[in-house]
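All residue numbers in this chain count up from 1 along the given sequence.
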Amino acid sequence: MIKEAKIRKPKAGLLLVASPRFKNLSGPKRGTYGEKKEAVSRQIVESLNFIDIEYPGIVYEREDAQRAMDLFYNAKVDFIIAEFLSWSEDFAWIRFLRDCPDIPVIFVNVAKDRMAFETTLDEDDFVEYLCSGTLVGSLEASGSVVRVPRKNVKIVMGSRAEVNEEIRRFSRAALARTILRGSNLGLMANMNEAMWSTYIDNYDLFTRIGPEIHYLPYSDYKEILDALEEAEVKEYADELTSRFKMMEDVEYDKFIGCVRASLALKKMAEANDIDVMVYNDIDQATFKVSGCRAGFYHDWFNQNLSVLVPEADMGAGLATFVLKIVSGGHVNFIEPFHIETDFGTFAAGHAGPNDHNDPAWKDNVLIARDVRFAKTKWKYAGAPFGWYRFSPGMKTVTGIYEQDGKYKMVCFQAESLPGDHVLATYSHSMFRPVVPVKELFERLLKIGVTQHYAIVDGDWRAELADFAEIMGFEFYDIR
């Protein structure tokens, strides 16, 4: 998928429903109901400047509803914002719920601090009173949401600022859905026979979530490796050594071997328009072809808003990509290793390429030997990698898994603690979860997961909850 399609603003269709019965009612001083609603609609559009809006005008009649649906579909909006501007006849709303294509909807009701009318004795106050009846309109409309029924409808109530913040979060989740439906997942080059529990159904992944799966053969990888020019290899090697400190025991020829393997992965992903590069880095074919495991995470993946994950885990690749789309941050890939109950912490990290490109934490990265493979038979045994002590701070941790044809998403928060590099071969950190550590993992074990998770700075649980609801995933927010 082209980069511009992944970094654009979310696009929303705006469906504002009002009453044709009231449209021309007016008082002598403050204008008609229709004029007041037009003014309100302009204010709503202006308040949504953080997204792109497709607005067909206020929906009064059946024909207006059809025109709105046609616009939203043709404009390929990511989601629809629906709001009743007062009480209204519900024939247009029911037609919309029944006939609109499968597009996520956020249905909002805005509560005002106080009303603008004093009594309803004069015509102006009476029209103002009718204009203020958003609650009665929303209550009436809510019954049809469940009776039609229609999935992917999120209901929100609050002040205009509160509602807009909910729309902002929902928009990120809806954009993630759109991006997934147009993205490409590259699996290199077969399933991981050491971890069958990570398998997910490829057909379901394509038809229900979106990414098109491409199997990337090692023969292509070898061709790309063989075609690498020494100048581009040296350029990437020099870039790495200019940014990160190299440990003294690293052998330079093995460093170059790993640079070549890592650069070839990037070029393979780029050549195949891959958004989620799933690398089977424990398959022996990897070592036969390249002589080592690729250990550097080329910054092209960040620049293209794509991701690279190891161990042929497509579900973990999906979780990493979703977190990347939603947050826009540097996403890392972990598996929890062990608990230290004395400190309420767990250690976690992962071997292989991990995103070490956050410029704020380049001092946390060392070019270090991959000691786990140092005594193997392969050509570049012990080749170095980007050894990253993950940045400190509170992280959102999430994973996506499949069970009996259904998908489930888990998330929780954990603080990555500052410290020195302590786990050789693994980019890693020590984590203190918000939930007591033994309780956290007991709950995860009971849900039934695997060992792989994505992490990113900040709290993105609300966006992930919206995404899971939109996608029909079971969602577990462990608090």
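Taking every heavy atom of both residues into account, Ala316 and Asp313 meet most closely at N-OD1, 3.0 Å. Taking both residues in full, the closest heavy atoms of Gly13 and Phe72 are given as CA-CE2, 3.4 Å, listed atom of the first, atom of the second, then distance. In terms of heavy atoms, Val105 sits closest to Arg150 at CG2-NE, 4.1 Å. When all heavy atoms of Met430 and Ala347 are compared, the pair lying nearest together is SD-CB, 3.4 Å. The shortest heavy-atom contact between Ala294 and Tyr279 is N-OH, 3.0 Å. Closest heavy-atom contact between Asp457 and Ser391: OD1-OG, 3.7 Å.
A salt bridge does not link Asp404 to Lys406: none of the charged side-chain nitrogens sits closer than 4.0 Å to a carboxylate oxygen. A salt bridge links Arg160 with Glu83: at least one charged nitrogen is closer than 4.0 Å to a carboxylate oxygen. Ion pair Glu270/Lys267 not flagged as a salt bridge, since none of the NZ, NE, NH1 or NH2 atoms sits closer than 4.0 Å to an Asp/Glu carboxylate oxygen. A salt bridge between Asp78 and Arg181 is absent, with no side-chain N of the basic residue lying under 4.0 Å from a carboxylate O of the acidic one. One finds no salt bridge joining Arg208 and Asp201 here, because no Lys/Arg side-chain nitrogen approaches an Asp/Glu carboxylate oxygen to under 4.0 Å. Between Arg8 and Glu4, none of the side-chain N atoms (NZ, or NE/NH1/NH2) sits under 4.0 Å from a carboxylate O, so this pair counts as no salt bridge.
At a threshold of 4.5 Å between non-hydrogen side-chain atoms, the residues Met277 and Asn272 do not count as touching. Side-chain contact between Phe255 and Thr241 is present, with heavy atoms from C-beta onward closer than 4.5 Å. Between Arg293 and Phe287 there is a side-chain heavy-atom pair separated by less than 4.5 Å. With contacts defined as side-chain heavy-atom distances shorter than 4.5 Å, the pair Leu14/Glu54 does not qualify. Using a 4.5 Å heavy-atom cutoff, the side chains of Glu439 and Val437 are not in contact. For the pair Trp93/Phe96, a side-chain contact is recorded, criterion being any heavy-atom separation below 4.5 Å from C-beta on. Taking 4.5 Å as the limit, every side-chain heavy atom of Pro353 sits out of range of all side-chain heavy atoms of Phe296. Side-chain contact between Phe50 and Ile167 is present, with at least one heavy-atom pair separated by less than 4.5 Å.
Annotation for Tyr215: atom OH counts as buried by contact number, over 12 foreign heavy atoms lying within 6.0 Å. With a 6.0 Å radius and a threshold of 12 heavy atoms from other residues, nucleotides or ligands, Glu235 has its CD atom at or below the threshold. Within 6.0 Å of NZ in Lys288 there are 12 or fewer heavy atoms belonging to other residues, nucleotides or ligands.
Arg243 CZ to Asp363 CG: the interatomic distance, rounded to the nearest 0.5 Å, is 12.0 Å. In this structure, Ser142 OG and Phe84 CZ are separated by 9.5 Å, a value rounded to the nearest 0.5 Å. Separating the OG atom in Ser159 from the CG atom in Asn164 is a distance of 8.5 Å, to the nearest 0.5 Å. Between Met394 atom CE and Ser416 atom OG the span is 10.0 Å, to the nearest 0.5 Å. Taking OG from Ser171 and CG from Asp52, the interatomic distance works out to 10.5 Å, rounded to the nearest 0.5 Å. To the nearest 0.5 Å, atoms CZ (Arg461) and CG (Leu464) are separated by 9.5 Å.
Considering Ile325, Ile209, Val322, Ile470 as possible partners of Arg177, the one that fulfils the side-chain contact (heavy atoms from CB on, under 4.5 Å) test is Ile470. Here the options are Tyr388, Phe390, Trp387, the test is side-chain contact (heavy atoms from CB on, under 4.5 Å), and the partner is His356; only Tyr388 passes.
Note: Phe333 and His452 have tilted aromatic rings, judged against thresholds of 30 and 60 degrees for the angle between ring planes.
For the residue pair Tyr476 and Glu474, a side-chain donor N or O sits within less than 3.5 Å of a side-chain acceptor on the partner. Residues Lys324 and Ser306 bring no donor and acceptor atom of their side chains to less than 3.5 Å of each other. Neither side chain, Asp370 nor Tyr380, offers a donor N or O lying under 3.5 Å from an acceptor on the other. A side-chain donor-acceptor contact under 3.5 Å links Asn109 and Ser138. Side-chain contact check for Asn332 and Asp355: no donor-acceptor pair (N or O, by modelled atom type) lies under 3.5 Å. A side-chain donor-acceptor contact under 3.5 Å links Lys408 and Gln403.
Annotation: Phe346 is in aromatic contact with Phe441 [ring centroid separation under 6.0 Å]. The ring of Trp460 has its center no closer than 6.0 angstrom to the ring center of Phe467.
Side-chain atoms of Ser290 do not come within 3.5 Å of backbone N or O of Ala261 as any donor-acceptor pair. With hydrogens and angles ignored, the 3.5 Å screen pairs no side-chain donor or acceptor of Arg432 with any backbone N or O of Gly344. No donor-acceptor pair closer than 3.5 Å links the side chain of Asp299 to the backbone N or O of Asn357. Using modelled atom types, no side-chain atom of Lys11 and backbone atom of Lys76 make a donor-acceptor pair closer than 3.5 Å.
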Run the side-chain contact (heavy atoms from CB on, under 4.5 Å) test on Phe170 and Phe79 for me, step by step, so that the C-alpha distance in whole Å, both residues' side-chain angles and the decisive distance to 0.1 Å come before the verdict. CA-CA 9 Å; Phe170 192 83; Phe79 69 109; 3.6 Å; yes

Please lay out, stage by stage, how His298 and Leu265 fare under the test side-chain contact (heavy atoms from CB on, under 4.5 Å). CA-CA 9 Å; His298 200 286; Leu265 271 188; over 6 Å; no

